[in-house]
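Because the structure is a prediction, the values reported are computed rather than measured. All chains are named by letter (A, B, ...) in the order of the sequence lines, taking the proteins before the strands, and each is independently numbered beginning at 1.
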Amino acid sequence: MTDERTRSIDLSGLGDWKRSDYCGGLRAADNGREVTVMGWVNSRRDHGGLIFVDLRDRSGILQIVFDPDSSGAAFALAEALRSEFVVAIRGRIEKRSAETINPNLATGEIEVVCLEAKLLSQARPLPFAVDGNTEVTEQTRLKYRFLDLRRPEMQERLLFRHRLAKSVRDYLDGAGFVEIETPVLTRSTPEGARDYLVPSRVTPGHFYALPQSPQLFKQILMVAGFDRYFQIVRCFRDEDLRADRQPEFTQIDLEMSFVTPDDVMAVTEGMLTVACALRGIEVPQPIPRLTYDDAMRRFGIDRPDMRFGLELAEVSDVVRNCEFKVFREAVAKGGIVKVLRVPDGDRLSRKDLDNLPTLVAPYGAKGVAWVRVNADGWQSPIAKFLSDSERKGIESACGAGAGDLLMFLADSPKVVNDSLANLRLKIGDQLGMIPSDTYAFVWVTDFPLFDYSPEDKRYVAVHHPFTSPRDEDLERLESDPASIKALAYDVVLNGTELGGGSVRIHRPDVQSRVFQALGIGEAEARNKFGFLLDALSFGAPPHGGIAFGLDRLAMLLTGGTSIRDVIAFPKTQRATCLMTEAPSPVDPKQLRELGLKLSE
RNA sequence: GGGGUGGUAGUUCAGUUCGGUUAGAACGCCGGCCUGUCACGUCGGAGGUCGCGGGUUCAAGUCCCGUCCACCCCGCCA
């Protein structure tokens with residue numbers, strides 16, 4: 001079939017032809033001009049004695065008319081054209097007659113009458129149509145990414161990503177930030193995600209790590225006196241993938257000297273304003289703030305979707321001694337009981353209610369108790385276990401009134417919050433309460449500095465080990481680590497964490513104490529972070545910064561649900577590339593040079 | 001590591017409950033006709049390792065076991 005397609009046609013070179021215009025920009029005002037356009041055959045309509053070709057380039061689509069009266073040679077060539085052949089067209093722009101205008105095309109008032117044509121390249125029959133009307137599975141798209149990326153939708157996404165990065169760069173440049181590159185081959189650090197390792201040939205048995213972020217380098221650039229740094233930089237984390245997580249991703253990374261959290265947040269708000277303006281989206285000035293404790297209390301999550309209500313309320317104290325064993329025992333065991341109030345609860349059917357346990361099971365919850373608050377009292381399987389005063393207490397805790405549906409979770413704080421946070425999203429979505437054209441930004445502040453890891457039997461850094469505690473908490477660093485709040489802040493958009501940052505520790509004594517609290521001994525700290533402690537000891541300014549997920553920002557601003565759609569060549573969930581088939585085995589010789597041996 | 005969904009023509013899917021003649025549709029592809037289409041029309045045609053391996057059966061796309069791939073989620077990750 002390939003042979004038949006290609007047999008009788010000669011390919012041409014460009015010769016002295018130069019493109020005069022992109023397809024998509026031509027208009028009625030160009031009537032009469034002779035133009036040279038080049039691009040791909042988006043589609044071909046052959047009427048026997050007359051052939052129309054929609055020519056596509058990055059800018060759009062333009063109709064070319066091949067008429068034997070205008071050029072017999074070009075017409076003969078048009079007969080052989082097929083989808084995605086690459087051609088150069090010389091022709092004259094003509095206004096279309098009124099009845100042949102195509103209002104669906106930006107260039108629909110005109111067409112190009114072909115006077116001369118060159119076939120630059122042929123295409124085998126395609127695995128899928130590039131025309132944008134055909135649904136294709138992602139697996140096929142990723143294998144033939146070069147074709148997928150031709151689709152106007154993907155072109156627009158990547159062009160937008162370009163404009164987004166440029167607007168950020170321009171803004172930060174204008175705000176006095178200096179773009180400085182940091183190493184990609186660097187050293188492995190404990191804490192945080194699993195590193196991608198790169199073996200050293202020159203020092204066998206030693207490894208570089210690809211950076212999870214340029215964290216330490218940017219701090220050292222502050223010590224070096226650059227005052228304001230930024231970088232749009234690739235980061236690497238060898239963890240399992242999600243729709244919004246790739247093993248390599250791009251951060252907008254910045255750091256500033258002599259600042260408080262407010263200063264970093266102000267720069268961030270300016271940057272987001274410029275970025276969102278590309279989509280006509282307004283960013284509130286300032287972006288509302290929520291403490292971590294409030295976020296957890298009201299939404300059960302540290303990245304709440306603020307586009308809708310459905311807030312949570314805690315009722316542990318109300319039900320501490322109630323007759324319902326599940327509630328009573330949860331509280332007795334140090335757990336909590338929280339309630340999600342759904343207004344107009346009859347929008348959820350009994351079947352919906354029966355399905356609730358399935359929705360929370362992934363988070364370890366054993367069930368969901370529910371109550372319908374009717375005008376004449378409570379309708380609920382657990383109503384009989386709750387006294388009048390307990391009912392009143394619950395109603396006042398969550399503001400319940402007639403018509404509301406209440407959903408209860410009783411378990412450890414983690415299970416309750418995880419479950420209800422997820423339930424809130426699911427139900428908000430199901431009831432159509434989440435407006436899709438709204439962009440709700442929120443700062444989450446005052447994160448805990450440490451989180452206790454039962455697995456490791458020690459405290460781990462919630463943000464990272466270089467985050468500064470609040471000054472007023474310093475004295476409790478050793479005595480009550482769990483109570484320490486960090487000078488850390490996340491910016492959240494529609495329930496997605498866009499960026500996070502902190503003011504850093506700039507005193508070597510404080511840094512050492514935090515390492516101690518994290519169970520990183522003096523010798524290990526010296527060994528792993530000696531260069532940082534050194535740097536801090538030679539005159540470090542107070543400094544802080546933030547890092548943004550460029551991919552996530554691009555995804556949200558293009559209305560996508562997966563960052564793969566704003567990454568030209570993304571990886572699959574198993575971190576492979578379907579186009580290049582990376583990763584791949586390597587030649588034994590390469591392994592020998594690196595001093596590596598594979599086990600079995 | 002775990003849970004879920006999917007894999008049938010180049011593509012997107014139906015067919016799988018309840019096993020049964022030659023596995024279908026649309027789009028695409030190939031050929032004929034067609035001078036105003038733009039999802040062109042029209043006539044004809046080709047195209048299948050039913051993801052892969054094993055099993056049950058007279059008989060497997062369909063049932064059973066294993067396995068690979070993609071996606072969503074939990075764990076993991078800021």
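Among B:U35, B:C38, B:C71, the nucleotide with an atom closest to any side-chain atom of A:Asp67 is B:U35. Residue A:Phe52 places its side chain closer to B:G36 than to any other of B:G36, B:C72, B:A78.
Looking at residues 138-154 of chain A, you'll see A:Glu138, A:Gln139, A:Thr140 sit with a heavy atom under 4.0 Å from some atom of RNA chain B.
Listed pair A:Arg45 / B:C40 meets the phosphate criterion, a side-chain N or O lying under 4.0 Å from OP1 or OP2. Neither OP1 nor OP2 of B:G7 sits under 4.0 Å from any side-chain N or O of A:Thr137. Contact between the side-chain N/O atoms of A:Arg82 and the OP1/OP2 oxygens of B:C30 is found at a separation under 4.0 Å. The phosphate of B:C77 (OP1 or OP2) has no side-chain N or O of A:Arg194 nearer than 4.0 angstrom.
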A:Phe217/A:Tyr229 under ring pair (Phe, Tyr, Trp, His ring centres under 6.0 Å): CA gap, chis, key distance, verdict: CA-CA 10 Å; A:Phe217 289 104; A:Tyr229 141 97; 9.9 Å; no
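Atom CG of A:Asp46 and atom P of B:G41 are 13 Å apart (whole Å).
Base-pair partner of B:U5: B:A70 (Watson-Crick or G-U wobble, both distances under 3.5 Å). The base-pairing partner of B:C27, taking Watson-Crick or G-U wobble contacts with both distances under 3.5 Å, is B:G10. Under the Watson-Crick or G-U wobble criterion, with both distances below 3.5 Å, B:G53 is paired with B:C65.
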Protein-nucleotides 42-45 of chain B N/O pairs under 3.5 Å:
none

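No side-chain donor-acceptor contact under 3.5 Å links A:Asn355 and A:Lys351.
Residue contacts for A:Asp302: at a heavy-atom cut-off of 4.0 Å it reaches a base atom on one of the strands shown. No engagement by A:Ala129 is indicated, since no non-hydrogen atom pair under 4.0 Å with the nucleic acid exists.
Looking at A:Arg245, its side chain comes within 3.5 Å of the base of B:C76 through a donor and an acceptor atom.
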